[in-house]
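Right, one structure below, let's go through it.
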Number of protein chains: 2
Amino acid sequence: MQMTPMIESFVFHFGEMGSRWGFNRTVGQIYALLVISESALSANDIGDALGVSRGNVSMGLKELHSWQLVQTTHKAGDRKDYYRAKGTIWDMANRVFEERRKREMDPTLSMLRDILLDEAANPQEAYAQERIHEIHDLLENITHWTQSLQTLSPDKLNTLMKLGSGVGKVLDLKDKLTQRKAE
Amino acid sequence: MQMTPMIESFVFHFGEMGSRWGFNRTVGQIYALLVISESALSANDIGDALGVSRGNVSMGLKELHSWQLVQTTHKAGDRKDYYRAKGTIWDMANRVFEERRKREMDPTLSMLRDILLDEAANPQEAYAQERIHEIHDLLENITHWTQSLQTLSPDKLNTLMKLGSGVGKVLDLKDKLTQRKAE
DNA sequence: CACAACTTTCAGTAATTTCTGAAAGTATAG
DNA sequence: CTATACTTTCAGAAATTACTGAAAGTTGTG
């Protein structure tokens, strides 16, 4: 894998962004490299291309595995493991959303739920609980919603996204229809 | 602001999560504290409650300001600045989404666009550009979509979220209607 | 103007995260 | 079983990020 300037800028940028998306620089770079590489790469290929240690590559791949973003393959007569990005770009986006939900939302939701089970001991806590309730409900809504969006086919999701804020009109439409039925 | 155990666990957890949501521990804690506090707090109140230095509080508030998540107020006959969380929970969620889009998506999109302007120098780069194109289009779709969702009223958004995957059926419905019209 | 009451900045330090490379582990071939 | 060709682990080092507190800055008051 030779890093042309084009490929370098893609890979490095993904590295920078990696940390914002929930993994570290090297993990981001490894993934970027695998995504834009047509052939599967060995751990050494990756380390050489990125200029990082073999150990670091191993840890990075382990992390990507836990995100279910890589696939291990083999070549005949070669003991080495070869790695490639798993699934389509849609799958990738889904994975990232899902993992982040697990890591960001779920623990928060359960903490909030715990707090709401307690009795407020004074007006200050009562006020706090009200706010916490709001946050809880909002997060729960978002969680459920994103989960159900993930069950939609990429095709439907695309339609929905293309619709943009036009979805508001569709909702009005639906309201009218269901109302008419109710009459 | 006395930190009861309930309030402590909320504030500390928000601190932990803060880093995942794009800001550091102290910033997360300060914001949590302001959200569940009915009255506005001075910078010293905050520092005392959280056990962090005055300087750190100042930096944290500056950061929250840049996210437009806090509001500064004053009390008669008191020179101190007092701080409170700005807007509703919905506003907060919007702010966070928007800020993150600005910080995570926009720079990536512009980098991808730049790469796509170049000619591929070889088949390897051609393959890379195909992948990059896919990623670009996906991110652009998501960006536009989330932007347009933000223009929807909280009320409509709520309806949409409640609908969950049922939105698929509504889309079918819309398809049928628009088709009928076309006939 | 000088002083008081505050806030902000920032150099140095502390805490945290990431990375390296050597050692340990694993699997296959002979 | 031993040698070889690999992968993983992990203690310590390096890099990065966050925090402190003293000094500088700001604003209002007498």
Side-chain angles (χ1 to χ4, degrees), chain A residues 1 11-34 40-67 69-84 103-104, chain B residues 11-34 40-67 70-84 103-104:
Chain A
M1 189 73 200
V11 167
F12 286 180
H13 181 98
F14 242 71
E16 300 311 312
M17 281 302 138
S19 53
R20 304 199 178 278
W21 283 97
F23 31 75
N24 70 31
R25 183 149 41 90
T26 309
V27 172
Q29 292 182 351
I30 294 175
Y31 187 62
L33 197 61
L34 292 177
L41 301 177
S42 74
N44 281 318
D45 293 340
I46 297 170
D48 291 349
L50 302 179
V52 300
S53 74
R54 190 61 192 67
N56 198 4
V57 172
S58 181
M59 291 190 295
L61 287 168
K62 187 179 166 194
E63 174 82 2
L64 286 170
H65 242 96
S66 84
W67 286 69
L69 286 171
V70 288
Q71 215 172 5
T72 307
T73 61
H74 293 91
K75 291 186 182 176
D78 189 340
R79 284 203 202 163
K80 280 201 279 297
D81 292 345
Y82 285 82
Y83 305 89
R84 51 167 49 263
R103 293 167 193 219
E104 300 176 0
Chain B
V11 167
F12 286 0
H13 181 98
F14 242 73
E16 301 310 314
M17 281 301 135
S19 54
R20 304 198 178 278
W21 283 96
F23 32 75
N24 71 30
R25 183 149 42 88
T26 308
V27 172
Q29 291 181 352
I30 293 175
Y31 187 60
L33 196 62
L34 292 177
L41 301 177
S42 74
N44 280 318
D45 293 341
I46 296 170
D48 292 348
L50 302 179
V52 301
S53 73
R54 192 58 192 69
N56 200 5
V57 172
S58 179
M59 291 190 295
L61 287 168
K62 187 181 166 191
E63 173 82 2
L64 286 170
H65 242 96
S66 85
W67 287 69
V70 287
Q71 216 174 4
T72 307
T73 61
H74 293 93
K75 291 186 183 177
D78 188 341
R79 284 205 203 163
K80 280 200 280 296
D81 292 344
Y82 285 82
Y83 304 90
R84 49 168 52 262
R103 292 165 195 220
E104 300 176 0

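Protein chains get the first letters and strands the later ones, always in sequence-line order, with residue 1 at the start of each.
Between R20(B) atom CZ and dT17(C) atom C1' the separation is 13 Å, expressed in whole Å. For the pair L41(B) CG and dT7(C) P, the interatomic distance rounds to 13 Å; values are reported in whole Å. Nucleotide dT7(C) holds its P atom 13 Å from the CD1 atom of I30(B), rounded to whole Å. At whole-Å resolution of the value, CG in N44(B) and C1' in dC6(C) are 9 Å apart. Distance E63(A) CD to dT8(D) P: 14 Å, rounded to the nearest Å. Rounded to whole Å, atom P of dC6(C) lies 11 Å from atom CG of D45(B). Distance CD1 (I46(B)) to P (dT8(C)): 11 Å, rounded to an integer number of Å.
The closest side-chain heavy-atom distance from T73(A) to K75(A) is not below 4.5 Å. No side-chain heavy atom of K62(B) sits under 4.5 Å from any side-chain heavy atom of S66(B).
Atom CD1 in I46(B) sits 8.5 Å away from atom CZ in R54(B) (nearest 0.5 Å). To the nearest 0.5 Å, the span separating CG on L34(B) from OH on Y82(B) amounts to 13.5 Å.
Residues from residues 73-84 of chain A placing a heavy atom under 4.0 Å of any atom in DNA chain C, listed by number, are R79(A).
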Pull out every protein N or O sitting under 3.5 Å from an N or O of nucleotides 18-26 of chain C, one pair per line with the distance.
residue: dC19(C); atom: OP1; partner: T26(A); partner atom: OG1; Å: 2.6
residue: dC19(C); atom: OP2; partner: N24(A); partner atom: ND2; Å: 3.4
residue: dC19(C); atom: OP2; partner: T26(A); partner atom: OG1; Å: 2.9
residue: dC19(C); atom: O5'; partner: N56(A); partner atom: ND2; Å: 3.3
residue: dT20(C); atom: OP2; partner: S53(A); partner atom: N; Å: 2.7
residue: dT20(C); atom: OP2; partner: S53(A); partner atom: OG; Å: 3.1
residue: dT20(C); atom: OP2; partner: N56(A); partner atom: ND2; Å: 3.2

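Residues passing the salt bridge (charged side-chain N to carboxylate O under 4.0 Å, His left out) test with R84(B), sequence neighbours excluded: none.
An OP1 or OP2 oxygen of dT7(C) is reached within less than 4.0 angstrom by no side-chain nitrogen or oxygen of K62(B).
Of the residues F23(B), W21(B), Y31(B), the one that meets the ring pair (Phe, Tyr, Trp, His ring centres under 6.0 Å) test with W67(B) is F23(B).
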